[in-house]
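Residue numbers start from 1 in every chain, and the chains themselves are labelled A, B, ... in the order their sequence lines are given, proteins ahead of strands.
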There are 2 protein chains.
Amino acid sequence: MNPELDKKLKSKNIRPTAMRQLVLQVLIDQNTAISLPELEQKFEKADKATLYRTLKTFEEKRLIHHIEDGTGAVKYALCHEKCNCHLEDLHVHFLCTKCNQTYCLDEIQIPDIKLPSDFLLESVNLVVKGICSNCKK
Amino acid sequence: MNPELDKKLKSKNIRPTAMRQLVLQVLIDQNTAISLPELEQKFEKADKATLYRTLKTFEEKRLIHHIEDGTGAVKYALCHEKCNCHLEDLHVHFLCTKCNQTYCLDEIQIPDIKLPSDFLLESVNLVVKGICSNCKK
DNA sequence: AAAGTTTGTGCAACTGAGTTGCAAAGTTAT
DNA sequence: ATAACTTTGCAACTCAGTTGCACAAACTTT
């Protein structure tokens with residue numbers, strides 16, 4: 001029972017069960033986004049449905065956000081401290097086509113999109129594909 | 001046997017079979033992108049696998065391009081005349097959260113993305129979600 | 001035009017991600 | 001401690017996408 005994890009969960013109004021602490025630890029250790037199938041593999045013996053619902057809960061409580069990077073599986077990554085995952089918090093995601101890792105590029109702002117005047121903008125999803133710094137070496 | 005469809009297929013080096021002409025017609029009639037399951041429903045009795053392979057062929061021969069709009073199903077739309085679906089042809093896609101239709105906003109250019117210097121950019125996928133002009137009425 | 005080769009189609013079966021119902025186990029409140 | 005609610009684990013299922021295989025259709029060669 002790591003008091004740090006405990007605190008983090010509570011601060012987002014998530015009951016800190018053992019399962020949830022383990023999942024949060026994996027998310028922290030990982031510095032790229034992770035999919036449900038990948039998360040499953042991090043555990044010897046874990047139930048897909050439980051992990052699924054854990055991720056859903058985390059997302060609902062805005063501890064993590066999800067990314068559709070076009071790999072077929074939705075990935076999840078920790079939100080940053082002040083992030084509420086609202087329109088103004090949107091950032092670019094980068095998918096490496098070599099190692100298949102997805103990075104949150106928090107420092108890059110999504111540029112303004114000018115839609116046709118009769119379209120109403122709600123959110124923006126920007127995924128850049130390429131080679132990450134690790135794979136370029 | 002529509003000679004127009006025939007010509008269009010041949011111009012992209014695709015053998016103009018009856019099946020392919022039918023699929024192409026659907027794609028032309030549609031002014032939004034269409035998914036494989038949606039395409040299936042356009043036919044009384046059509047084989048999923050055949051439609052699947054037809055779309056794959058069309059895409060390979062650059063008659064259509066695919067869009068990952070985060071709805072869970074990949075959608076396909078006709079490429080424009082001179083489009084070769086290379087980096088410079090990339091455009092924004094718009095997903096209406098009311099009617100679930102996906103539009104190609106060809107007129108909107110994807111703004112420049114400045115990646116960290118050790119990342120290599122290959123392609124950009126930008127999906128904007130919101131309400132389309134039809135649903136706003 | 002017939003024979004042989006290549007390409008396309010239809011069917012069935014399967015994979016893999018995501019999702020749900022339900023009962024047992026765990027947690028919280030009274 | 002009991003009751004009420006929440007979380008977990010298991011099984012089963014959905015749905016998009018994909019593949020193998022045999023048959024059909026279309027091209028090629030002679």
What's the NZ-P distance between B:Lys10 and D:dC27, to the nearest Å?
9 Å
Measuring to OP1 and OP2 of C:dG16, would you say a side-chain N or O of A:Lys48 lies under 4.0 angstrom away?
no
Take atom NZ of A:Lys45 and atom C1' of D:dG9, then tell me their distance rounded to the nearest Å.
8 Å
Are there any protein N/O atoms within less than 3.5 Å of an N/O atom in nucleotides 6-8 of chain D, and if so, which ones and at what distance?
from  : atom 1 : to      : atom 2 : distance (Å)
D:dT6 : O3'    : A:Arg15 : NH1    : 3.0
D:dT7 : OP1    : A:Arg20 : NH1    : 2.9
D:dT7 : OP1    : A:Arg20 : NH2    : 3.2
D:dT7 : O5'    : A:Arg20 : NH2    : 3.4
D:dT8 : OP1    : A:Thr17 : OG1    : 2.7

What integer distance in Å separates A:Leu51:CG from C:dT19:P?
14 Å
From CD of B:Glu60 over to P of C:dG8, roughly how many Å is that when rounded to an integer?
10 Å
Would you mind reading off the distance between B:Asn100 atom CG and D:dA16 atom P, rounded to a whole angstrom?
12 Å
Sugar-phosphate only, base, or nothing, as touched by A:Lys75 at under 4.0 Å among non-hydrogen atoms:
nothing
I need the CD-P distance between B:Glu44 and C:dG10, as an integer number of Å.
14 Å
How close do A:Phe58 and A:Ile14 get, counting heavy atoms only, and between which atoms?
CD1-CD1, 3.8 Å
Is it the case that over 12 heavy atoms from other parts of the model lie below 6.0 angstrom from the CD atom of A:Glu40?
yes
I need the CD-C1' distance between A:Glu40 and D:dC10, as an integer number of Å.
13 Å
Angle, rounded to 10°, between the helical axes spanning five pairs at each terminus of the helix from C:dA1-D:dT30 to C:dT30-D:dA1?
30°
Proximity to DNA chain C (any heavy atom under 4.0 Å), residues of residues 22-34 of chain B only
none
Roughly, in whole Å, what's the span from CZ in B:Phe58 to C1' in C:dT9?
14 Å
The nucleotide from C:dG18, D:dT19, D:dC10 with an atom nearest the side chain of A:Tyr52 is C:dG18
Please work out if B:Ala73 contacts a base, only the sugar-phosphate, or nothing of the nucleic acid, heavy-atom cut-off 4.0 Å.
sugar-phosphate
How close do A:Glu68 and B:Asp69 get, heavy atom to heavy atom, and via which atoms?
OE1-O, 4.2 Å
